[in-house]
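Heads up, the thing below is written out as structure tokens.
A quick note: this is a predicted structure, and the numbers were derived from the prediction, not measured.
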Amino acid sequence: MSAGKYDIKVDQGSDFSLQLTIQESGIAKDLSGFSLRGQMRPTKDSSTLTATFTTSITDVTGGICTISLPYTTTENITVGQYFYDIELFTGSTVQRIIEGLVTVSPEVTR
């Protein structure tokens with residue numbers, strides 16, 4: 001299964017959260033034994049880490065998980081475009097489930 005593509009918008013200085021439902025062949029994937037991880041970078045091949053998403057599996061049998069960034073992280077991200085992906089992994093396998101662009105819009109109220 002190849003990664004889904006989804007571009008997201010993050011408001012600088014605000015909490016960000018996105019709920020995902022992971023499916024295989026149209027059926028919710030059982031996430032028992034899996035963990036998630038995800039990062040943002042300025043380019044796909046950059047060694048510079050912009051941010052690490054907080055991830056949680058909220059419904060193991062329903063395939064539902066959440067990725068998020070607290071405002072304390074987003075307030076320090078420079079306005080612009082970045083790349084991200086989210087991976088589902090166990091001790092022996094890694095699968096990229098979603099990827100895309102992150103557009104960070106500027107905060108006005110400080």
key: Heavy-atom closest contact (A28 atom, G62 atom, distance)   =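 It is CB-O, 3.2 Å.
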
task = Measure across L69 and A51 and return the closest heavy-atom pair with its distance rounded to 0.1 Å.
result =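 Taking L69 first and A51 second, the nearest heavy atoms are CD2-CB, 4.1 Å.
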
task = Apply side chain to side chain donor-acceptor pair (under 3.5 Å) to Q39 and list each qualifying residue two or more places apart in sequence or on a separate chain.
result =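 Result, side chain to side chain donor-acceptor pair (under 3.5 Å) vs Q39: R41.
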
ask   = Does the pair C65 and Q19 meet the rule for a side-chain contact (heavy atoms from CB on, under 4.5 Å), with working shown?
value = CA-CA 6 Å; C65 57; Q19 186 178 52; over 6 Å; no

query = Which is it for I77 and Y82 under the side-chain contact (heavy atoms from CB on, under 4.5 Å) test, yes or no, and what are the steps along the way?
reply = CA-CA 10 Å; I77 299 174; Y82 301 87; 3.8 Å; yes

Tell me whether [Y] is reachable from [X] by hopping between hydrophobic residues (I, L, V, M, F, W, Y) whose side-chain heavy atoms are closer than 4.5 Å.
X	Y	result
F89	F53	no
L88	Y6	yes
L101	V10	no

Sub-4.5 Å side-chain heavy-atom contact between [X] and [Y]:
X	Y	result
T50	P42	yes
F83	E99	no
S14	E107	no
T52	M40	no

task = Could you pull out all residues at least two apart from K44 that satisfy salt bridge (charged side-chain N to carboxylate O under 4.0 Å, His left out)?
result =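 K44 satisfies salt bridge (charged side-chain N to carboxylate O under 4.0 Å, His left out) with no residue once adjacent residues are dropped.
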
For the pair [X] (side chain) and [Y] (backbone), establish whether a donor and an acceptor sit closer than 3.5 Å, ignoring hydrogens and angles.
X	Y	answer
D11	S105	no
T90	G33	no
S56	T58	no

Nearest-0.5 Å distance that lies between atom [atom1] in [X] and atom [atom2] in [Y]:
X	Y	atom1	atom2	answer
D59	L31	CG	CG	8.5 Å
S2	I98	OG	CD1	11.5 Å
I64	T66	CD1	OG1	8.5 Å
Y84	L18	OH	CG	6.5 Å
I22	Q95	CD1	CD	8.0 Å
T54	F16	OG1	CZ	11.5 Å

query = Could you give all pairs that pass the salt bridge (Lys or Arg N to Asp or Glu O under 4.0 Å) test and reach residues 82-92, with sequence neighbours left out?
reply =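 Salt bridge (Lys or Arg N to Asp or Glu O under 4.0 Å) check on residues 82-92 returns R37-E87, D85-R96.
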
inquiry  = For a quick check under 3.5 Å, do T61 and D30 share a side-chain donor-acceptor pair by atom type?
reply    =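 Judged by distance alone, the side chains do not pair up.
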
message = Whether the T74 and Q12 side chains hold a donor-acceptor pair (N or O, under 3.5 Å, no angle test) is what I'd like checked.
response =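 Short answer, no.
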
